[in-house]
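Predicted, not measured: the structure shown is a model, and the values here were computed from it. In the text below, chain A, chain B and the rest are named by the order of the sequence lines, each starting its count at 1.
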Amino acid sequence: MHKIGLVFNGVWSHYAFATAPKYADIYRLIYIHELTDETVDGLEALVVPFQSNQTELGRRRSVIYNLLAHGKKVFVEGDSTADWLDAVWEDRPVNNYWWVTDPHNPPVSETDFDHPVYNGLSKRHSCWHTHGAYVSIPDQAAVIQRKPDGDIITWETRQYGGVLMATTLDPIVEHGVQQITHLDHYVDSLTHWLCGIRPEGRFEVPKERYGIRV
Amino acid sequence: MIRAAVISNGLGGLHYYFQSNDRVDYRWLEITSDFDPDLEGFDLLVVPNGCDHIALYRIRDKIRSFLDAGKTLFCFDGWFTAWVPGNQWYMDNTRKTIDIRYFKGTDRYDLFSGVDIRSLNFSHGISGWWACGYIDPAPGADVVMFDTWNRPMIVLDETTTNGLMFLTASGPLADATGQTTDDKSSEKDLARFYINLLELAEKKRQYA
């Protein structure tokens, strides 16, 4: 029984993540063009990954807020627009090489490690790179992560009923890309927070999952 | 001038990477729930990095007809669905990115002219950043670039259809190439590479 819906934009990293045996029983892909109140019914949480269809999310924002109104959790990663989130996201250069050039200065300088997603994570596991920043967040939101310059990376609010958490990190997409090898720590903690299940095992996608006909 | 259609699945900032100029006129095909674009009138179909391979699979017959009419396809993304005629991309995490290096293969159109392959090998000193996985190429297709383990990274296929397919193992190319790197050398060489591709597409258009 799937607990978490993953909004699916037909992107390969979304597909690889949600069909990996480690996560396949927990996450269910929901194609963005089929995102409705009916297709999210029964889920504990919804994840909106980086590289989502921003236009369609704007058209279907009521699905997200209806889910929150029912006390569920929604996790948003990467970028967003003010069409569907009461926040202002701005683009920034992506520094994914700081660990080579300046390993003592990660992009995030402040993290609330008391938050359930971050509790138990090392600094290294709580930030790899960021895609932009939030310069405005909902009025009752709390900041969880910031950059040294004050830019907001991660925030959370309960003002819509359930819990809405947003970050400019991209744990789901990068885990699906499979080039950053420590992301099980973050994603497993996130998954546990979203639905109460902590996945176990190694992230792998069998070759036969590619070249599919849909 | 090349008349190009670019597939868009609504990614933020995507339009920045393909700007019409004196070489190519881009038109955007936005994916919707009833996506069924008319490809007539286009010379080139561009599938950018991060695209929707569910929607592309659903129009695979239309893309095949487009290619059989002698047109050109650029795919710069990992196609996990079987919509590209004769060729299939696979993701594979068994190789360490620190060990990945690229090598020129069969380059009959001199697509690497003016391109320093070291810019694809390293971005800010990190290797394995440009592509992901590998391509299982169609019989007779050219492997333009391969990696440390001889895995095809770039394929040029003029045998499977009457058209031309240029396929990367999810390596981004565009007029402006800041999608996954801000290394100036990488940006310059990837943009040069893309211009060479457009010149090939123009020749294909003229002689189709």
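Around the CZ atom of A/Arg198, the shell of radius 6.0 Å holds more than 12 heavy atoms that belong to other residues, nucleotides or ligands. Around atom CZ of A/Arg61, more than 12 heavy atoms belonging to other residues, nucleotides or ligands sit under 6.0 Å away. Around atom NE2 of A/His70, no more than 12 heavy atoms belonging to other residues, nucleotides or ligands sit under 6.0 Å away. Summarising the local packing, NZ of B/Lys62 is surrounded by more than 12 heavy atoms from other residues, nucleotides or ligands at distances under 6.0 Å. Around atom CG of A/Asp25, no more than 12 heavy atoms belonging to other residues, nucleotides or ligands sit under 6.0 Å away. Other residues, nucleotides and ligands place more than 12 heavy atoms under 6.0 Å from the CD atom of A/Glu208.
With a 4.5 angstrom heavy-atom cutoff, A/Phe8 touches chain B only via side-chain atoms. Both the backbone and the side chain of B/Leu11 come within contact range of chain A, judged by heavy atoms closer than 4.5 Å. With a 4.5 angstrom heavy-atom cutoff, B/Arg58 touches chain A only via side-chain atoms. Heavy-atom distances place no part of A/Val205 under 4.5 Å from chain B, backbone and side chain included. For A/Trp99, the part lying under 4.5 angstrom from a heavy atom of chain B is the side chain only.
Between B/Ile31 and A/Asn9 there is no side-chain heavy-atom pair separated by less than 4.5 Å. Counting heavy atoms from C-beta outward, A/Tyr31 and B/Asp52 have side chains that approach closer than 4.5 Å.
A donor-acceptor pair under 3.5 Å links the side-chain atoms of A/Asn53 to the main chain of B/Asn9, judged by distance alone.
For the atom pair B/His124 NE2 and A/Asn95 CG, the distance stands at 7.5 Å (nearest 0.5 Å).
Nearest approach of A/Ile212 to B/Tyr57, heavy atoms of both residues: O-CE1, 4.1 Å. Summarising the geometry of B/Cys132 relative to A/Val177, their closest heavy-atom pair is SG-CG1, 4.0 Å, with the distance given to 0.1 Å. Considering every non-hydrogen atom in both A/Gln179 and B/Ala131, the closest pair reads NE2-O, 3.4 Å.
Along residues 67-94 of chain B, the residues that come nearer than 4.5 angstrom to chain A, judged on non-hydrogen atoms, are B/Asp77, B/Gly78, B/Phe80, B/Thr81, B/Ala82, B/Gln88, B/Trp89, B/Tyr90, B/Met91, B/Asn93 in order of number.
Taking chain A as the reference chain and counting heavy-atom pairs below 4.5 Å, the highest number among B/Gly12, B/Ala55, B/Cys51 is found for B/Cys51. Comparing A/Ala16, A/Ser52, A/Ser13 by how many heavy-atom pairs each has under 4.5 Å with chain B, the most go to A/Ser52. In terms of heavy-atom pairs under 4.5 Å with chain B, the best-connected choice from A/Arg59, A/His14, A/Gln54, A/Arg209 is A/Gln54.
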